[in-house]
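Naming convention: chains lettered A, B, ... in sequence-line order (proteins, then strands); numbering from 1 in each chain. Note: hydrogens, waters and symmetry copies are ignored here, and every other heavy atom, side chains too, is used.
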Amino acid sequence: MYNNGKMRFGLCCIFRKEPIHFRQITAKTLQKLPRSEQLLRLSDICLQNVKSLYKSLQFVSEKGIGAFRVLSPLFPRYTHPDVGYQLTDLPEKAEIRYFFEKIRKIRDLHDLRLSFHPDQFNVLSSPRKEVILNTIRELEYQAMLAEEVGAEIINLHAGGTYGHKKNALKRLEKNIKDLPISIRSRLTLENDDVSWTPADLLPFCESYYIPMVYDVHHHRCLPDGLSETEVTRKVVKLCEKLGKEPLFHISSPKNGWHNGSPKPHADYIDPADFPECWKGLTATVEVEAKSKELAVLKLMKDLGS
DNA sequence: GCATGTCAAGTTGTG
DNA sequence: CACAACTTGACATGC
């Protein structure tokens, strides 16, 4: 069913050369200001960031890039305990909503696939209640943005193992079951390069109907006995069952495969690192490379797509 | 202007 | 035990 389909490539969060920038602000800077000025600064940054996101989608659609990962701090410090805020607190909320609408329209027009990838401190397998609560708060924020921009995916890692994978998976299962639908319906789990391999995650994902995002670079850094072909086949099968397009991650090692740690990402993707078994599939491949849009475009050219 | 240290958050592995 | 690494970049500060 997915053979000879259309593969789309995804750009992650930011640009290397293209003059599209996202702004940030720290909690420390905000805390020096009275609340009204905090909200003015935040409103300005959020509005500029949604404009930049719109420009990002214009850029990718013009270049034939079919997917885009939205950066987590699009609305900086949204869930911070002291300086956090809501969209309705921002003076320019109407303008911000107007750009959300423009973003949804360009997304629909070009059928762009949008995703979120919450940072490493979002952990649903932690034994600490506080960590789970903070994670859910952050995921609710990202789900709100996902709803506003029309994003389909919130992709998470499985967290730590705490020396006992089975118990960690039990906590993960329970916490996933309790998630609000806005998060749960978008949730995917990705294999990492420290703890959780495809062999660990696939049975879990199959049991609970969660798409597994297959990062082949992580798999090469932390192998598990499964071949890339086997993992790909299982992921495609699971996604078919769930009615979702498979999502893969690709990167190349900065210092080569045999020169120290292969984990750091290179500027570009070596086409030799692109798995043969992915070719011809209907799937999204997010490109994790430091040269960002240049790397995505080069890979597309190198692969002739 | 430019260089440098800092930034909310978790977990693991290395030195 | 401290610290870097992870999608690292962008901001704030000080020269």
Side-chain angles (χ1 to χ4, degrees), chain A residues 10-33 38 41-42 44-45 48-49 52 67-85 115-142 153-165 168 171-172 175 188 190-197 213 215 217-218 221-222 247-255 260-267 269 285-293 295-296:
Chain A
L11 171 61
C12 297
C13 308
I14 54 174
F15 294 80
R16 176 78 173 248
K17 280 275 163 62
E18 194 64 20
I20 298 175
H21 302 283
F22 293 93
R23 293 183 51 206
Q24 265 294 2
I25 193 159
T26 61
K28 210 172 173 179
T29 305
L30 285 170
Q31 274 160 341
K32 293 176 193 161
L33 304 171
Q38 288 181 3
R41 288 285 292 276
L42 288 163
D44 184 37
I45 292 171
Q48 287 202 39
N49 284 353
S52 292
F68 189 76
R69 183 191 299 172
V70 182
L71 72 169
S72 295
L74 189 77
F75 281 17
R77 310 287 80 84
Y78 189 88
T79 59
H80 189 280
D82 300 324
V83 298
Y85 56 98
S115 70
F116 284 81
H117 195 6
D119 301 85
Q120 65 274 14
F121 35 75
N122 292 285
V123 178
L124 288 175
S125 58
S126 178
R128 296 166 53 196
K129 197 174 177 186
E130 195 190 319
V131 172
I132 302 299
L133 290 175
N134 288 340
T135 298
I136 291 171
R137 188 155 54 144
E138 177 71 12
L139 295 180
E140 280 175 332
Y141 150 68
Q142 302 218 6
I153 300 145
I154 297 177
N155 179 37
L156 267 189
H157 289 291
T161 64
Y162 314 86
H164 199 306
K165 282 190 174 176
R171 290 191 298 269
L172 184 64
N175 290 322
T188 62
E190 177 187 346
N191 63 299
D192 63 67
D193 56 8
V194 190
S195 304
W196 299 99
T197 64
V213 171
D215 187 316
H217 185 70
H218 288 159
C221 292
L222 184 67
L247 179 55
F248 302 136
H249 288 177
I250 183 82
S251 28
S252 282
K254 183 184 172 73
N255 306 306
S261 169
K263 290 179 182 180
H265 292 171
D267 288 349
I269 306 301
V285 180
E286 290 183 340
V287 177
E288 295 186 336
K290 295 184 72 176
S291 286
K292 297 297 171 185
E293 80 279 13
V296 180

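- Nucleic acid contact class of A:T79 (heavy atoms, under 4.0 Å, all strands): base.
- Distance check on atom P: B:dA3 versus C:dT8 gives 23 Å, rounded to whole Å.
- A:N134 contributes atom CG, which lies 8.0 Å from atom OG1 of A:T79 (distance to the nearest 0.5 angstrom).
- For A:K165, the NZ atom counts as densely surrounded, since its 6.0 Å shell holds more than 12 non-hydrogen atoms of other residues, nucleotides or ligands.
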Pairing annotation in dot-bracket form, given for DNA chain C with Watson-Crick or G-U pairs under 3.5 Å and | for cross-strand partners = ||||||..|||||||

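- A cation-pi contact, defined as under 6.0 Å to the ring centre and within 45° of the axis, links A:R171 to A:Y162.
- Taking CZ of A:F22 as the reference point, atom CG of A:L71 lies at 5.5 Å (rounded to 0.5 Å).
- Distance from the side chain of A:H157 is smallest for C:dT7 among the nucleotides B:dG10, C:dT7, B:dC7.
- With B:dA8, C:dT7, B:dT12 as the candidates, the nucleotide lying closest to the side chain of A:D119 is C:dT7.
- Using a 4.0 Å heavy-atom distance criterion, A:H218 is classed as a sugar-phosphate-only contact.
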request  = In sequence, state the C-alpha distance, the side-chain angles, and the governing distance for A:R16 and A:S291, and then conclude on side chain to side chain donor-acceptor pair (under 3.5 Å).
outcome  = CA-CA 6 Å; A:R16 176 78 173 248; A:S291 286; 3.0 Å; yes

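- Of the inter-residue distances, the one linking A:I25 atom CD1 with A:L30 atom CG reads 4.0 Å to the nearest 0.5 angstrom.
- You can call A:F121 stacked on the base of B:dA9; the centres are under 5.5 Å apart and the planes sit within 30°.
- Among the atoms of the strands shown, only primed sugar atoms or phosphate atoms (P, OP1, OP2) are found under 4.0 Å from some heavy atom of A:R128.
- Taking the six-membered ring where tryptophan is involved, the planes of A:Y141 and A:F75 are tilted, since the angle between them lies from 30° to 60°.
- Judged by distance alone, the side chains of A:N155 and A:E190 do bring a donor and an acceptor atom under 3.5 Å apart.
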ask   = Which letter, B, S or -, goes with each nucleotide of nucleotides 9-15 of chain C from 5' to 3', with contact meaning a protein heavy atom under 4.0 Å?
value = SSSSS--

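- As judged by a 4.0 angstrom heavy-atom cut-off over every strand, A:S126 is placed among residues touching the sugar-phosphate backbone only.
- Of the residues near DNA chain B, A:P127 and A:R137, the one whose nearest nucleotide (by heavy atom distance) lies more toward the 5' end is A:R137.
- The separation between A:N122 atom CG and B:dA8 atom P is 15 Å, rounded to whole Å.
- Within the 4.0 angstrom heavy-atom criterion, no nucleotide atom of any strand lies near A:H117.
- Side-chain contact of A:E286 with A:H117: a donor-acceptor pair under 3.5 Å is absent, judged by distance alone.
- Taking atom C1' on both C:dC6 and B:dT4, the two are 22 Å apart, rounded to the nearest angstrom.
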